[in-house]
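Each ligand, and each atom within it, is numbered from 1 in the order the structure gives.
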Amino acid sequence: MKITFLTVFLAVFSLSITAQDVFETIEVSYNLYAIENPKGGNVAFLVTRKGVLVVDAGSTPSNAEKIVNTIRTITKKPIKYLILTHVHGDHTNGLAGFPKDVKIIAHKSLEKNYKEFNQSNITNYKNNVLPNHLSNLKAKLDSIEDKKSTEYNTIMEDYNSSVDYYEDVKRIKFRTPDITFEDFYTLKLAGERIVLEYVGPGHTSDNIVVKFSNHNVIHTGDLVFNKTFPYLIIEHGVDVYNWIRILDDLYKENIYTVIPGHGEVGRKITLKYQSDYFKDLSHKIEDFMDSGNNLEEIKNQIKPKDFNLKGNESQLPVNIEVIYSELSNKGRDWWKF
Ligand SMILES: [Zn+2]
């Protein structure tokens, strides 16, 4: 696929999505399921006799429709609540694929952030990036004489999936959350207790965690990228120092299963792995700073292979830059783990 930047805001292209497609589900606890979404943020859903509660909306309307179809294979109960863990499009751009009457719950700054961070990117994708991409591909196809060649077929495949993706992106529509909160929100549903907690800035300024109290299961949103390099975006309020503290605090709680924003469903130890990655990286950066290296030199010396992670390797230099600037701004004595 040619267009890969902005994958945080918009999903990677989907090759063959049909309405019948469903995802695999993992029953992490009784009536509580996880979907390890390959085209967006991971989803959790809880089935109760009074309806279904879902965490995160997927990356596009068709991604969301596949999530809804998957839920429908487990239960016919109505989908009542949809919780959004944070602003990023791979967790929110699926909204239009959910039933119209679903109640959306999010942190109070999510709507403002969505308009600020996502809206112009989506408009740009819709009006410029994707139409240009399609007309470039079309021109390439027209210029190839042998319509049976492998090159022609490869570009044709790209063209067709891009058309599907373009149609999907055109359907993205944000909806104002019905319920917002500042610090805590507790939902009681048919004997279930779901606690939503704003933990302060970490991955974004609006990231919340969702605790399924009856199950000792947590959906962390993108505060956990399991076994892959995390996305850190300065403009979206990233705060690695606080992120580490959030993870260390959660690690003290009675949690058994962790549904991360990306990567496989994990156990409690997954929280520690994420925190350890940041500590390890910050210690490496500190050592290089002590030996008089500047940011560029540090970026050149720390490599993806120094970590036991796979995927999003291009994010490592960004991770280094963010931690380097936090270390410089906050002061080394203050930043101590
Ligand atoms: Zn995110």
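- Partners of Asp183 under the salt bridge (charged side-chain N to carboxylate O under 4.0 Å, His left out) rule, at least two apart in sequence or in another chain, do not exist in this structure.
- Between Asp248 and Lys252 there is no salt bridge, since no side-chain N of the basic residue sits under 4.0 Å from a carboxylate O of the acidic one.
- The Zn ion (ligand 1) has an N, O or S atom of His88 under 2.8 Å away, backbone or side chain.
- Among the backbone and side-chain atoms of Asp90, none of the N, O or S atoms lies under 2.8 Å from the Zn ion (ligand 1).
- Taking 2.8 Å as the criterion, His203 counts as a coordinating residue of the Zn ion (ligand 1), since one of its N, O or S atoms falls below it.
- A donor and an acceptor atom, one from each side chain of Asp206 and Ser109, are nowhere located under 3.5 Å apart.
- Restricting Asp222 to its N/O/S atoms, the shortest distance to the Zn ion (ligand 1) is reached by OD2.
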Report, one line per pair, each donor and acceptor closer than 3.5 Å where one atom sits in a side chain of residues 46-55; sequence neighbours left out.
residue, atom, partner, partner atom, Å
Thr48, OG1, Lys50, N, 3.1
Thr48, OG1, Gly51, N, 3.2
Thr48, OG1, Gly51, O, 2.7

